[in-house]
Amino acid sequence: MQNLAMLTDLYQLTMAYGYWKLGGAEGLAGREAVFHLSFRNNPFGGGFAVAAGLASVIEYVEGFGFTAEDAAYLRELKGNDGRALFEEAFLEYLEGLRLGCDVDGAPEGTVVFGHEPLVRVKGPLLHCQLLETALLTLVNFETLVATKAARVVLAAKGEPVLEFGLRRAQGVDGGLTASRAAYVGGCAATSNVMAGQRYGIPVKGTHAHSWVMCFGEELEAFEAWAEVMPNNCTLLVDTYNTLEGVKHAAAVFSRLKARGHRPGGIRLDSGDLAYLSIEARKILDEAGLGEVPILATNDLDETIIGSLKGQGAAIGMWGVGTKLVTAYDQPALGGVYKLSALRNGQGKWEHKIKLSEQKAKTSIPGILQVRRFYEPGGGGGRLIADMIYDELSGVMEGEEGSEIVDIVDVTRRKGIGAGTAYEELLAPVFRAGKRVYESPGLERIRERTLGQLGRLHPGILRGIHPHEYPVGLERGLNALRNGLILEMRG
């Protein structure tokens, strides 16, 4: 990844300038701060999200730095009075800036929930502030698409889902990023060749209607495709008459098998996919082609796939494009990056909180970690609950165990028995600006996603009206937060 220090909002730089003006590294700019990146509501009305984007965060942080060219551009920016927005000494400071932050993050492929920190940044206030915009754009989109992919994969119930969305993606970077995130979420392959090259994702593809239209007859087109692509022969059968197209494909596949090749399948891209797939299956089976799969495309998502499966559709593979890579029904995750702790002039930590008329938008103070409890078992049993706690205050535990308090409704509480198995969700990624975390390969991340989904109660995986996974504040943190709210409101 190229240096993206300038991938930021102007207000991040103006705030950094303000911190720098107030005493430089020895003043406000250098005081140690903690920020957390989180989202408030699980996307798509679902019961979970899948964390993604940490690898991009690592690349971004490692490559962070302002160049002479960056400084030259910033030097030309003017204020309302027509004078330079930034003084020269600050631009020189930026050119020499090297990040010194600690960064912790939820490993990619981890199931996460509303209000939980996905990334924690701790370090000089000015450094932390400069990271906000880029971290949000890197984590928000990848997490959103990975979650959408996981929902589609769950709807397919073990049948392969292929990501076919590049042509409908939001630009080149959006297409590449979406292909990677879709694989994190559980998709089996992509049509995006550059994503395959860059990330090692398996690539799959068929042919377009234009191939068929270039020949006088559909059968002739299919025979030509089988001749040039005998080892990748999936035929698109709906250019003219779908079921006639299936019959033509069956004839070509029979000859292809006689030559020792394995047909790839047929692709349905329009019409009543339930009816057509059932009839197509009959045609293929009668021709002795029971092993030939049927691939469906045509603006699919988890809802349509679920409906088709409920209708008994004979579809064995699913190509999902537009509604996956654009996160069609929810175009943004809504992630936020909030200051939660800051050392004062005497070096003592102070908890920070942002209030709101909406309880869900009131931030959580402290240096936060998530403790995930689970049933014991090989490789970790079913997930039970997540407790957000403050590392500054620790966890209040008694002989009976601990307790979590719902973030929005304090009357909802859940006890966690003493000795319940747990793990800490946020892993160390950077310490004082140096990487201490080795990213697993993309295949392992995908396996983690599928494994994590398998550890959730089936009710939480429902696409509509899911069961709510218990997430809450450690009781001491809840008391601290409520006390700060009352103090701030006088």
Side-chain angles (χ1 to χ4, degrees), residues 33-43 47-49 51 104-106 110-122 143 333-342 349-374 383-427 456-457 460 466-489:
V34 177
F35 287 76
H36 295 93
L37 188 158
S38 63
F39 60 89
R40 297 187 180 103
N41 300 305
N42 296 329
F48 66 92
D104 296 75
T110 302
V111 291
V112 291
F113 306 93
H115 300 285
E116 295 181 343
L118 276 64
V119 178
R120 183 179 76 191
V121 180
K122 178 183 177 185
T143 297
L333 181 66
V336 294
Y337 183 85
K338 297 299 182 185
L339 174 68
S340 59
L342 180 68
W349 281 110
E350 293 181 347
H351 291 89
K352 296 294 180 180
I353 190 169
K354 176 225 175 249
L355 301 187
S356 173
E357 295 302 317
Q358 296 172 259
K359 180 77 173 183
K361 287 191 173 184
T362 298
S363 65
I364 303 172
I367 301 177
L368 305 180
Q369 176 61 278
V370 180
R371 182 165 291 181
R372 173 159 290 171
F373 296 93
Y374 55 88
L383 306 185
I384 297 173
D386 286 3
M387 176 175 70
I388 303 171
Y389 72 94
D390 173 25
E391 290 186 348
L392 288 173
S393 305
V395 176
M396 295 173 58
E397 291 184 286
E399 292 184 4
E400 73 285 358
S402 51
E403 182 181 57
I404 62 172
V405 184
D406 188 88
I407 295 165
V408 177
D409 181 359
V410 296
T411 65
R412 298 178 62 194
R413 299 173 179 239
K414 180 177 178 65
I416 307 294
T420 302
Y422 68 84
E423 60 186 345
E424 308 288 26
L425 204 62
L426 300 180
L456 290 175
H457 187 282
I460 297 166
H467 180 69
E468 184 177 351
Y469 179 81
V471 176
L473 303 182
E474 184 270 332
R475 58 184 174 185
L477 176 57
N478 177 68
L480 170 68
R481 183 179 186 233
N482 288 338
L484 287 173
I485 292 172
L486 291 173
E487 181 183 331
M488 296 294 292
R489 287 182 173 162

Using only atom types and a distance under 3.5 Å, with no angle test, would you say the side chain of [X] pairs donor to acceptor with the backbone of [Y]?
X      : Y      : result
Glu423 : Phe373 : no
Ser393 : Asp390 : no
Ser402 : Glu397 : no
Arg413 : Val410 : yes

Requested in this report: Mind running side-chain contact (heavy atoms from CB on, under 4.5 Å) on Lys354 and Thr362 for me, showing each step along the way?
Outcome: CA-CA 6 Å; Lys354 176 225 175 249; Thr362 298; over 6 Å; no

Name all residues meeting the side chain to side chain contact (heavy atoms under 4.5 Å, CB included) criterion together with [X]; count only those two or more places apart in sequence or in a different chain, and write none if there are none.
X      : value
Glu468 : Asp406, Arg412
Thr143 : Ala49, Ala52, Leu118, Val139, Thr147, Leu333
Leu383 : Val111, Arg372, Tyr374, Arg455, Leu456, Tyr469

**Report entry** salt bridge (Lys or Arg N to Asp or Glu O under 4.0 Å) involving Arg40 - partner list, sequence neighbours excluded
**Finding:** none

Report task. Please list, chain by chain and in numerical order, all residues satisfying salt bridge (Lys or Arg N to Asp or Glu O under 4.0 Å) with Lys338, sequence neighbours excluded. Result -> none

Query raised in the report: Does the pair Leu368 and Leu477 meet the rule for a side-chain contact (heavy atoms from CB on, under 4.5 Å), with working shown?
Result: CA-CA 10 Å; Leu368 305 180; Leu477 176 57; 3.9 Å; yes

Report task. Measure from NZ or CZ of Arg371 to the centre of the six-membered ring of Tyr389, then state whether that distance is under 6.0 Å and the direction lies within 45° of the axis. Result -> yes

**Report entry** Worked verdict on Glu487 versus Arg489 for salt bridge (charged side-chain N to carboxylate O under 4.0 Å, His left out)
**Finding:** CA-CA 5 Å; Glu487 181 183 331; Arg489 287 182 173 162; over 6 Å; no

Query raised in the report: Crowded around Lys361 NZ? As in, over 12 foreign heavy atoms under 6.0 Å?
Result: no

Query raised in the report: Which residue pairs satisfy the salt bridge (Lys or Arg N to Asp or Glu O under 4.0 Å) criterion with at least one member in residues 473-482, sequence neighbours excluded?
Result: Glu400-Arg475

Query raised in the report: Are Ser340 and His36 close enough that a side-chain donor and a side-chain acceptor fall under 3.5 Å?
Result: yes

Requested in this report: Apply side-chain contact (heavy atoms from CB on, under 4.5 Å) to the pair Leu425 and Glu116, showing each step before the final yes or no.
Outcome: CA-CA 10 Å; Leu425 204 62; Glu116 295 181 343; 3.9 Å; yes

Query - CA sep, side-chain torsions, deciding dist, call: His115, Ser38, side-chain contact (heavy atoms from CB on, under 4.5 Å) - result: CA-CA 6 Å; His115 300 285; Ser38 63; 5.9 Å; no

